[in-house]
Amino acid sequence: MNTRMFRKILIVNRGEIAVRIIRACRDLGIRTAVMFSEADRTAMHVRMADEAYSLPGNTPAESYLRQDRIIEIAKRSAADAVHPGYGFLSENPEFAERVESEGIKFIGPSARAIRALGDKTAARKVADRLQIPTVPGTSESVSNERQAYSIASKVGYPVLLKAAAGGGGKGMRIVRAEAELANSFRTAKSEAENAFGDDHVYIEKYIAHPRHVEIQILSDSQGNAVYLGERECSIQRRHQKLIEETPSTIVDNEMRKAMGESAVRLVQAVDYGGAGTVEYLVDEHGHFFFLEVNTRLQVEHPVTEMVTGIDLVHQQILVSAGERLSVTQAKISPKGHSIECRICAEDPQDSFFPSTGLLLKYSTPQGPNVRVDNGFSEGDSISTFYDPLMAKVITWGSNRSQAIETMKRALAEFMIQGVKSTIPFCVFAMNNKQFCDGDFNTDFVKTVFNPKQVDPVSTQDQIAAAVTAALLQSGAQTKQTVFMDHQSENHSTWKTLRLESYR
Ligand code: ADP
């Protein structure tokens, strides 16, 4: 085997995940290059990386999705690998191909494997072939209304129209009765075209009150693959996850083995190399159905790291450099329980509406059994351009209730002033009997969460407000001052900040 460790990795992302990858690279002695849009000029990932390259513009289309500019930066920085993180270009097979055609390694599975599993209908076909149960529905996209009627009546209402290229909880429409189908079908197609540049939609049975349970897999380019247990991700808003944990309260050893082995068979069938996640829905009778594969690192990967002790980003990098998987299935023995709360700039009292502004006060929790994957600091701005995720708080406990107690302590320590956050929702969940009993499903936010029960001015907000008021009174708190403080703190000679505008 011919392993050549990378000297420099270009990270094509921003926020907490870019910071997370920088840390993994540092651990492995690899230099890092990042890029930044105009709004991100002073962002934490820029301050932390060894090199930073500017991208003009602010929208994802002008910046973090501009393949031509990114490839140019990859060449200019002499990076020998590109890590895409999640979102943006992470599941784009054309991008993976373009990177590799320049002789630069794409850290992730091959373009062929992304094509085979990244498209939801293509992945369903692979699962069907392997006789892995899929959510009842079609594995071909539906071409016209007549076909939609015939499939929906076979599957039985309610059904879900889903964009084949969908992601991030977008591109799904529930159809509860036949009368709604034609209209919903037309709307779903045009929404899919607008959001993903691909109007293919397919039909799935809408599973009532399901749990979302997923399996983390790791594989190398020599065909070795393992599963690292499950993650329970049922606490969601708008079909997007908010709280994740491992193990799931509904998964026993037998179910874990069945789900894990199915996931491994699926990735082995397409010669997958790298980290990936196979997602399932579990119905009220405990039956699991394949949902989709995410051919990249997941936001919620840290809970798996907390219980297994395996650093998934290290593993991604090592496997991409050609190393054999160093872990075997027999050696994976998760310990204890881990929970992650996503701290997003959203208002839980206003339907999780995104909140923007300046982080006047921002201080993250610390202490035993608490990990914080964070991408922001005090003085940074939260804009409308990107995903509202600011940080993730991850706790570990020898059992679930200990992990919950530690999460309550950590959330109380997190101080944010300047934007609304999902912290009050997470506090609600940690104190909710149904959540604590493990008795919940993907409807939790809609049916259990009561925004009126959330204390809008929590203790932490009061403390933060007092601190901010004191700072403002002393005249010390301006955006510029904060930025300069951070820059001087982090200044060091190895850093090359390339601020020249892109040519
Ligand atoms: P995305 O790729 O946009 O995240 P997924 O297919 O992974 O979309 O689904 C996201 C969430 O939407 C699931 O976790 C679940 O809550 C809901 N969902 C998706 N498909 C179904 C279904 N057939 N029945 C019920 N809920 C579903």
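Basis for what follows: all heavy atoms, side chains included, without hydrogens, waters or symmetry-related copies. Both counts, for ligands and for their atoms, begin at 1 and track the order of listing. The model shown is predicted, which means the values in this text are computed figures rather than measured ones.
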Notebook entry, point to check: Which residue supplies the protein heavy atom nearest to atom 15 (C) of ligand 1, what is that atom called, and how far is it?
Noted result: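 The protein heavy atom lying closest is Q236 OE1, 3.8 Å.
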Checklist line | Under 3.5 Å: donor-acceptor pair, side chain of S421, backbone of I423 | finding: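 The answer is yes, because a donor-acceptor pair under 3.5 Å joins these two groups.
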Could you work out, for [atom], the closest of [options] by heavy-atom distance?
atom: atom 9 (O) of ligand 1; options: E279, H212, M172, E292; answer: M172
atom: atom 21 (C) of ligand 1; options: T442, T277, L160; answer: L160
atom: atom 24 (N) of ligand 1; options: I174, I207, V155, I203; answer: I207
atom: atom 11 (C) of ligand 1; options: K241, K170, H239, Q240; answer: H239

Which ligand 1 atoms, with their elements, are less than 4.0 angstrom from a heavy-atom of [X]?
X: Y206; answer: 24 (N), 25 (C), 26 (N)
X: V135; answer: 23 (N)
X: G169; answer: 1 (P), 3 (O), 4 (O)
X: K120; answer: 1 (P), 2 (O), 3 (O), 5 (P), 6 (O), 8 (O)

Note to self: How close do G375 and V19 get, counting heavy atoms only, and between which atoms?
What the structure shows: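 In terms of heavy atoms, the two residues are closest at CA-CG2, 4.3 Å.
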Notebook entry, point to check: Between R237 and E346, is the closest basic N to carboxylate O distance under 4.0 Å?
Noted result: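 Salt bridge present between E346 and R237.
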Checklist line | contact_flag K162 ligand 1 heavy-atom lt 4.0 Å | finding: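 K162: in contact with ligand 1 (<4.0 Å).
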Margin query: Test salt bridge (charged side-chain N to carboxylate O under 4.0 Å, His left out) on E292 and R124; report intermediate values, then the result.
Written below: CA-CA 7 Å; E292 65 156 348; R124 279 175 65 95; over 6 Å; no
Notebook entry, point to check: Has H200 got more than 12 heavy atoms of other residues, nucleotides or ligands less than 6.0 Å from its NE2?
Noted result: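 Check fails, neighbour count at 12 or below.
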Margin query: Are Y280 and F289, when compared by the centres of their aromatic rings, separated by less than 6.0 Å?
Written below: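 No.
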Note to self: Can a side-chain donor-acceptor contact be found between E16 and H45 if the only test is distance below 3.5 angstrom?
What the structure shows: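 E16 and H45 do not have a side-chain donor-acceptor pair below 3.5 Å.
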Margin query: Could you tell me if the side chain of F425 sits less than 4.5 Å from the side chain of V454, heavy atoms only?
Written below: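 They are not in contact (no side-chain heavy atoms under 4.5 Å apart), so the answer is no.
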Check: Of the backbone atoms (N, CA, C, O) and the side-chain heavy atoms from C-beta on, which set of L281 has a member under 4.0 Å from an atom of ligand 1: side chain, backbone, both, or neither?
Finding: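 For L281, only side-chain atoms sit under 4.0 Å from ligand 1.
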